[in-house]
Structure formats: C-alpha cells, structure tokens
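Quick notes on the structure that follows.
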Amino acid sequence: MGDQSPCLLAMSGISKSFVGVPVLTEVDLDLHAGEVHAVVGENGAGKSTLMKVLAGVHAPDAGTVRIDGEPVAFTHPVEAQASGVAIIYQELTLLADRTVAENVFLGREPRRADPLGRFAGVVDRRAMAERTAALLADIGETSIDPAAPVRRLSVAQQQVVEIVKALAGDARIVVMDEPTAALADHEVELLYSLVRRLVERGIGILYISHRMREIFDLSDRVTVLKDGRRTACRPTRDVTADDLIRLMVGRELGDYYPDRADQTDLGAVRLRLRGAGNARLRGIDLAVRAGEIVGVAGLQGSGRSSLAHAVFGAAPFTTGEMTLDGSPLRPTSPRAAIRAGIGLVTEDRKAEGLALRQSIRDNALLVVRGVFTGRRRAGTADVTELLASLRIGAQGSGQEVRLLSGGNQQKVVLAKWLAVRPGVLVLDEPTRGVDVGAKAAIHELVRDLARQGMAVLMVSSELPELIGMSDRIVVLRDGAVAGELPPGVGEEEIMRLSTGAESAA
Ligand SMILES: Nc1ncnc2c1ncn2[C@@H]1O[C@H](COP(=O)(O)OP(=O)(O)OP(=O)(O)O)[C@@H](O)[C@H]1O
Ligand SMILES: [Mg+2]
C-alpha cells in the first residue's frame with residue numbers, strides 16, 4: 001500500500017478508561033483506501049473498544065479521529081454511519097423477529113410516496129426485498145431469503161446479513177470484528193472474495209481476527225495491541241505468525257496441542273449411538289469412550305450442530321438408540337440431558353444465555369444452581385479453581401459478564417458447563433473468538449478432563465484444532481456419517497470426505 005493513496009482514516013493518541021481502569025492507552029491506527037489492516041491481540045487487549053471509539057459508541061478520553069484528514073467526533077453510531085463507517089460487531093446485533101430485508105434497511109427503509117399524498121412515504125417493502133436480494137446476489141449468496149425472519153437463519157447466515165447491511169449503507173470504512181468466528185469453511189471463502197471485492201471498490205477494511213491464517217491471507221498491514229497499547233504496526237509480509245504471537249502474548253507458545261490419548265488411557269464406552277436419527281440426521285452410529293475426544297467434522301449444514309443438539313436433548317433423536325454409560329437414554333430436553341450428565345458448550349454465546357448483568361462467578365454457577373439441588377450440587381466442581389484455570393482476564397470473579405471481552409465471555413460459557421462435571425461433554429465450536437494463548441489453555445483443560453474420564457464429542461470448523469485435539473474424527477455429510485478418520489489426518493482428507501469428492505474421483 002503506497003503512501004500516495006489517501007489516508008482514509010487516522011486515529012491518533014486514543015486513550016480510554018472505564019471507571020478508572022485504562023483499556024486503551026495512546027493508540028494510533030490508520031487506514032488507507034483499498035487496504036485491509038488487521039488488528040490483533042489477546043482477549044481483552046482493547047480491539048473491540050478501539051472500534052467502538054471509531055463508531056461513536058464510546059467517546060475517547062484523549063486522542064483524535066480523522067476521516068479524509070478532517071477531525072470527527074461522533075457521539076452516536078448513526079453519525080459514524082452517515083460518514084461511511086460500518087461496523088460488523090463480534091456479537092451479532094440483528095433483530096431476530098424482523099425479516100432479512102427489514103434488518104438490512106433498518107432505519108433507512110426505501111419509501112414510496114403515498115398515492116393520495118397523505119403520508120410522507122410508505123415503506124416500499126417490495127423495493128426493500130428486491131434491493132436486499134440484489135445485494136445478496138452481488139456477494140454470491142443465494143441461499144438467504146430476504147423475506148425470512150432472521151431468527152430462522154443460522155449464525156453463519158446472520159453474519160452474511162450483517163455484511164450486506166453494511167454494504168447497503170454505502171460504507172467506505174468497514175470494520176469486521178471477528179467476521180469468520182461463526183462461519184464454516186466454504187463461507188470463509190465467500191467472505192474472502194467479499195473482502196477483496198470491497199477493497200477493489202476502494203473501501204478500507206479494519207479486520208480483527210484471532211486466526212493467523214486470515215491475517216496472512218487478507219491483510220496488507222497488521223497492528224498488534226497488548227494491554228491496550230499498540231506494540232507494533234507492520235506490513236504483513238514483514239512478519240511471521242510466531243512474531244505476531246510473541247508481540248501479542250509477550251512469550252513464545254510452544255507446542256500447540258496437548259498429547260492425544262493412547263489406547264491404554266481409554267475406558268468404557270460412555271456415549272453410544274446406534275442408527276440414531278431425526279429430521280436432520282439419519283443412521284448415526286457412534287461411540288465415545290471415557291478418556292476419548294472424538295472430533296466431528298463436516299460442512300455447514302452437514303448435521304454437526306444437529307448432532308450436538310440431539311445428544312443434548314435440545315432437538316432430540318426420534319429414531320434409533322442412544323445409551324449413556326450402557327443405559328438407554330434419549331433426553332427430550334436439555335434439563336434431562338444435564339441431569340443425566342451431559343454438557344453442551346455451543347457456538348452461540350447469546351443463545352447460551354449468559355446473564356450479562358450478573359457476575360462471572362454467578363454465571364459459572366448458573367447451570368449447577370438451575371438443575372441440581374442439595375446433595376447433587378456437592379458433587380460439582382470448585383468454581384474458584386475452575387475460573388483460575390481458565391484464566392478469565394478480568395478484575396476478579398465479581399465482575400459483570402457484560403463488561404468482559406468477547407473471548408472471555410466464551411470462557412465463562414465453558415466454566416458454566418465444566419462446573420457441572422458432566423460425564424459426556426459436547427463442544428460445538430468451543431474456542432470461537434478465543435485468543436491463541438487462551439485457546440491453548442482451553443485445549444489443555446479439555447484434554448485434562450478427558451484424562452480424568454470424561455468422554456468428549458467436539459464439533460469444530462477450525463480444522464487445525466479438530467486435527468490437533470481429536471483421537472478420532474467422524475465426518476458428517478448430509479446428516480449421515482460419511483466416514484471416520486484416524487488421529488493426525490490431513491485437512492485435505494477431511495475436506496474430501498466432507499464434500500464427497502472422493503466418490504467423484
Ligand atoms: N463498557 C465497559 N466497561 C468496563 N470495562 C469494559 C467495557 N468494555 C470493555 N471493557 C474492558 O475493556 C477491556 C478490553 O475489551 P475489548 O472488548 O476491547 O477486548 P478485545 O480486544 O476486543 O477482546 P476479544 O478478543 O476477547 O474480543 C476488557 O478488559 C474489558 O473487560
Ligand atoms: Mg473483541
């Protein structure tokens with residue numbers, strides 16, 4: 001990116017404290033037209049806060065923001081929007097009960113004159129639907145119906161709608177705060193091409209991600225934040241992944257994944273499925289033994305999450321057989337599953353129902369208190385110890401969850417389930433949005449739990465994680481088991497089975 005391209009955005013000397021605690025200290029960040037500038041850092045480093053300063057959500061305590069060289073001081077997100085700043089937040093912010101089109105045009109609905117001239121203008125629903133469809137088609141997305149309520153979309157589809165919403169507003173500066181955290185692999189490809197298309201139009205993109213691969217695939221420059229300070233800003237081609245990790249974490253991270261189980265570590269089968277199915281799954285045969293981590297791979301829509309939800313009783317199996325520790329069990333509600341000793345950590349923090357205004361500690365105890373009474377409760381984990389082992393970076397366990405960074409909220413979700421000490425733990429994208437250091441801590445923790453006899457079923461669209469953690473990988477395709485792979489297979493083999501490419505060859 002040459003210096004001759006106009007400086008679209010220049011943030012300089014940005015500082016911000018919350019109730020006396022500094023979160024950002026004299027941070028500089030600039031962005032050129034047509035550039036992808038990555039912003040990286042550990043959970044809680046201040047990335048999202050910096051973006052919220054840009055968006056007018058937070059006023060900075062010090063520092064200036066310039067767009068096209070002109071100082072701006074947004075006091076409301078709407079002002080930022082009008083100046084061409086669009087933010088796709090880490091947490092999805094769509095209105096669940098409105099349609100896709102209504103969400104895309106929220107607050108700027110196209111209107112047509114009332115034929116009798118009585119009203120200023122009636123929302124032109126047809127124009128809204130047509131323009132939404134055109135925007136979706138423009139980015140190559142045809143599976144989303146503009147008239148569908150957002151509630152019915154997958155998390156991944158909602159993310160696409162967020163992006164389309166930004167495009168509808170004619171944004172020139174687009175902030176993507178972990179846009180791929182919820183996307184499946186083929187959707188990541190879609191996002192990549194979308195990013196490139198935006199860049200060709202001269203849009204500047206601030207791109208926050210915990211995934212190294214994306215930083216290197218997409219960005220021209222990368223800025224590193226650590227504890228609210230900028231520790232580096234470099235052309236991406238001048239740094240390595242190890243450099244970035246060192247700058248972010250302040251230390252080297254050794255081997256990425258804990259040792260796998262060997263045969264002698266494995267105990268009896270804890271979870272078994274025989275011919276299990278429902279509207280989305282058919283004929284699933286699967287066994288997970290004590291001490292074992294079984295990975296579940298598959299494309300978006302292959303049934304990965306449906307499998308997790310079925311085992312957990314949220315969308316139960318209707319056919320076949322499920323046994324837990326040898327006894328038949330077909331939970332018809334999550335409550336029944338939890339009582340029987342099954343835990344589920346899902347990908348969707350909001351739906352997970354963290355009590356945002358309550359403390360970390362109370363959230364960690366949410367499931368335990370909700371489901372167990374008296375004596376049964378005594379068998380649950382020591383929450384203080386658990387929170388310490390998860391290293392939830394915060395000012396103590398009394399802090400409100402709403403004030404935690406995204407990745408730390410995900411750790412609270414994990415704590416909530418681990419507190420129950422389930423015999424079978426189902427993980428659905430367990431490290432979504434979690435930084436590299438914390439990810440390693442979570443991996444270590446999950447492996448430890450397996451060693452203590454837990455049976456773990458882990459869904460992840462992050463193939464390196466799946467390969468690194470699993471003792472065995474089950475690949476789903478079209479709601480059925482397409483095959484099983486031994487530990488340490490390559491990504492290509494998983495993709496081949498997931499897409500069915502092997503039968504075409
Ligand atoms: N409104 C607020 N009040 C008090 N503290 C806050 C508030 N918003 C954020 N914080 C704190 O500021 C710090 C930085 O949070 P931020 O969300 O910017 O981190 P992040 O770099 O985006 O992390 P992640 O990778 O987890 O998304 C965290 O310690 C967080 O708890
Ligand atoms: Mg964040």
Side-chain angles (χ1 to χ4, degrees), residues 11 14-27 29 37-61 63 77 87-93 159 162 175-182 206-212 214-215 222-232 244-245 247-250 347 349-350 352 354 356-361 363 387 390-415 429-442 462:
M11 301 178 80
I14 303 291
S15 295
K16 178 73 189 171
S17 298
F18 291 110
V19 284
V21 180
V23 168
L24 295 172
T25 310
E26 295 172 13
V27 175
L29 180 71
H37 191 149
V39 180
V40 301
E42 289 185 287
N43 294 135
K47 305 177 297 292
S48 296
T49 304
L50 185 62
M51 299 309 139
K52 285 177 185 166
V53 167
L54 170 61
V57 175
H58 297 313
D61 300 335
I87 306 228
I88 295 152
Y89 286 106
Q90 194 169 14
E91 301 301 328
L92 303 178
T93 56
Q159 186 82 64
E162 292 267 9
V175 177
M176 298 187 175
D177 196 345
E178 295 186 49
T180 61
L206 290 171
Y207 193 93
I208 298 178
S209 177
H210 288 293
R211 296 185 182 173
M212 288 295 163
E214 293 167 17
I215 308 297
V222 54
T223 282
V224 182
L225 292 185
K226 177 161 176 52
D227 301 330
R229 289 173 190 274
R230 187 181 82 166
T231 55
L244 288 183
I245 290 171
L247 287 162
M248 275 191 279
V249 185
E347 59 181 330
R349 281 196 280 278
K350 272 200 177 158
E352 266 280 354
L354 283 178
L356 292 174
R357 290 188 177 273
Q358 291 181 27
S359 72
I360 295 173
R361 190 180 178 78
N363 272 277
L387 292 175
L390 281 170
R391 289 193 281 159
I392 300 175
Q395 296 126 37
S397 62
Q399 199 180 11
E400 280 181 53
V401 162
R402 133 186 103 88
L403 303 181
L404 290 180
S405 73
N408 283 322
Q409 288 186 3
Q410 180 65 9
K411 290 193 231 168
V412 177
V413 171
L414 203 61
E429 308 289 355
T431 61
R432 176 185 152 194
V434 170
D435 73 52
V436 281
K439 221 178 231 179
I442 289 177
E462 220 175 299

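Start at 1 and go down the list; that is how both ligands and their atoms are numbered. Below, all heavy atoms of this structure are taken into account, side chains as well, without hydrogens, waters or symmetry copies.
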Check: Quick one: are Leu29 and Met51 in side-chain contact, heavy atoms under 4.5 Å?
Finding: yes

Notebook entry, point to check: With side chains defined as the heavy atoms from C-beta onward, is the minimum distance between Leu50 and Leu206 less than 4.5 Å?
Noted result: no

Checklist line | Interatomic spacing from CD1 in Ile87 to CE in Met176 - rounded to 0.5 Å | finding: 11.5 Å

Next item on the list: Determine, considering heavy atoms only, which of Thr49, Ile208, Val19 sits nearest to atom 18 (O) of ligand 1.
Entry: Thr49

Notebook entry, point to check: Which of the atoms in ligand 1, numbered in the order shown and given with their element, are less than 4.0 Å from a heavy-atom of His210?
Noted result: 25 (O)

Check: Are Lys52 and Lys16 close enough, and set up right, to give a side chain to side chain contact (heavy atoms under 4.5 Å, CB included), and what steps lead you there?
Finding: CA-CA 11 Å; Lys52 285 177 185 166; Lys16 178 73 189 171; over 6 Å; no

Next item on the list: Could you tell me whether Glu42 approaches ligand 1 through its side chain, its backbone, both or neither, with non-hydrogen atoms closer than 4.0 Å?
Entry: backbone

Note to self: I'd like to check whether Gln399 has a polar contact with ligand 1, where a contact means an N/O of the residue lying under 3.5 Å from an N/O of the ligand.
What the structure shows: no

Note to self: Under 2.8 Å from the Mg ion (ligand 2) - does any N, O or S atom of Asn43 fall there?
What the structure shows: no

Margin query: Evaluate Thr223 against Arg230 for side chain to side chain contact (heavy atoms under 4.5 Å, CB included), listing each step before the verdict.
Written below: CA-CA 7 Å; Thr223 282; Arg230 187 181 82 166; 3.8 Å; yes

Margin query: Within the 4.0 Å heavy-atom shell around Leu404, which atoms of ligand 1 are there?
Written below: 31 (O)

Notebook entry, point to check: Atoms of ligand 1 less than 4.0 Å from Glu178 heavy atoms?
Noted result: 25 (O), 27 (O)

Item checked: Element-labelled atoms of ligand 1 that are located less than 4.0 Å from some non-hydrogen atom of Gly46 -> 14 (C), 18 (O), 19 (O), 20 (P), 21 (O)

Checklist line | Check: Phe18 N/O within less than 3.5 Å of ligand 1 N/O | finding: no

Next item on the list: Using a cut-off of 6.0 Å, state whether more than 12 heavy atoms not belonging to Arg229 lie near its atom CZ.
Entry: no

Note to self: Evaluate His58 for polar contact with ligand 1, using N/O atom pairs at a separation under 3.5 Å.
What the structure shows: no

Check: Do Asn363 and Gln409 touch side chain to side chain, with heavy atoms closer than 4.5 Å?
Finding: no

Next item on the list: Between Leu403 and ligand 1, find which residue part has any heavy-atom pair under 4.0 Å and reply side chain, backbone, both or neither.
Entry: both

Check: Does at least one non-hydrogen atom of Lys52 fall below 4.0 angstrom from an atom of ligand 1?
Finding: no

Item checked: Shortest non-hydrogen contact from Asp61 toward Ser17 -> OD2-N, 2.7 Å

